[in-house]
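Residue numbers run from 1 in the order of the sequence given. Numbering of ligands and ligand atoms starts at 1, following listing order.
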Amino acid sequence: MLSVVIPIYNEEGLIDNLVKQTVSAMETIDTDFEIIFVDDGSKDKSLQLLLDCKKKYSSIKVLSLSRNFGHQAAFTAGLEHAKGDIVCMMDGDLQDPPALFKEMYRKITEENFDIISGKRSGRKGKTSRNFYTFLFHLMFKNITAIQNMENTGNFSMMRREAVNALLQMKEKVRYLPGLRAFIGFKQGFVEYVRDERIEGNPKMSLAKLFILAADAIFSFSRFPIRLTLTLGLIGTIVFMFAGIYVLIAKILGFAIVGWSSTLLSIYFLGSIQLVSLGVVGEYVFRIYKESQNRPLYIVRKFFDEDTLA
Ligand code: UDP
Ligand code: MG
């Protein structure tokens, strides 16, 4: 069986379209399927609309979370409830075409891949947002050991073994595309052009997008720590020479060391220290989150085959 996991947060305007397109894409694939919609605490009519669709299509299940836990937590919740031997992940805004699942499925079953990710060969839509994504992938590729993840997102299909490996990683701060690249297995790609969302505004605000990028970088790289260490070392060397200069000036008697150099060095050192504290803080905060060990999401109700809405 094939499972599709789709997170939904305030998407009432596009649910009908989404359900129709996804169901008809899945029907072209020669296997049983379930579609799990994870309602990530939507405040609009999304949940009700999903439950209405569930009455029409027996393949639809709805996992309702107790509040908004965020995109990555919603995906994780769906993956943990999926029963399929092969599991797909897709955003709920139809930026990724469900019709590609057929090709992904073919690659997995015929060419023996374990994981197929959608790779964006281009993007339509708002350019500033795309530019941030481009910058993020450029940085991520260069400062982490994770390769092969460039221009992929959540849109993907995985064999059960890979899904289980992914779910074994219990970290609270998670970036699924990175983890998916991290677990290994035989990975392949399907290229596509990413569309604009068909309706409404992005539900990942820019702030959420930046936090996700920070999570990705801090959990897969020690570059920020290295950078502060390097800055600290450079500072130390520079000020060692400055100290020697001051001493010589004092001995030779031409020491009119003005306030400007003093102030500059205080500012310089002070800001390096603040930045370093901030970077350490980011790691400490994430360690703290992990050690609290709170659940990643809380289920309000799972509407599966047996539940009547
Ligand atoms: N989403 C979610 N919880 C959130 C934010 C978003 O489940 O807190 C869902 C949203 O409904 C959509 C998907 O995640 O189906 C991707 O969101 P969006 O299109 O806003 O993100 P982007 O395409 O900019 O990455
Ligand atoms: Mg989107």
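Residue-level proximity to ligand 1 for I8 is carried by the backbone, the only part with a heavy atom below 4.0 angstrom. Contacts between E196 and ligand 1 below 4.0 angstrom, taking non-hydrogen atoms only, are absent altogether. At a heavy-atom cutoff of 4.0 Å, ligand 1 is contacted by no atom of V38, backbone or side chain. Looking at E11 against ligand 1, only its side chain comes within 4.0 Å, counting heavy atoms.
Compare R129, M90, K203 by their heavy atoms: the one nearest to atom 24 (O) of ligand 1 is in R129. Among M204, Q72, K208, the residue whose heavy atom lies closest to atom 8 (O) of ligand 1 is K208.
Every atom of ligand 1 is numbered from 1 in the order shown, and the set under 4.0 Å from a heavy atom of P202 is 20 (O). With ligand atoms numbered from 1 in the order given, ligand 1 contributes 1 (N), 2 (C), 3 (N), 4 (C), 5 (C), 7 (O), 8 (O), 11 (O) to contacts under 4.0 Å with heavy atoms of Y9.
Checking only distances, P7 does come within under 3.5 Å of ligand 1, N or O to N or O.
The shortest contact between atom 23 (O) of ligand 1 and any protein heavy atom is with Q95 OE1, 2.7 Å. Distance from atom 18 (P) of ligand 1 to its nearest protein heavy atom, with residue and atom name: R197 NH2, 3.5 Å.
Between K107 and N112, the side chains place no donor N or O within less than 3.5 Å of an acceptor N or O (distance only, hydrogens not considered).
One finds an angle of 90° at the Mg ion (ligand 2) between OD2 on D93 and OE1 on Q95, to the nearest 10 degrees.
Distance check for M204 against the Mg ion (ligand 2): none of its N/O/S atoms falls below 2.8 Å. D91 lies apart from the Mg ion (ligand 2) in this respect, since none of its N, O or S atoms is found at a distance under 2.8 Å.
Between F113 and F185, the distance separating the two ring centers is not shorter than 6.0 angstrom.
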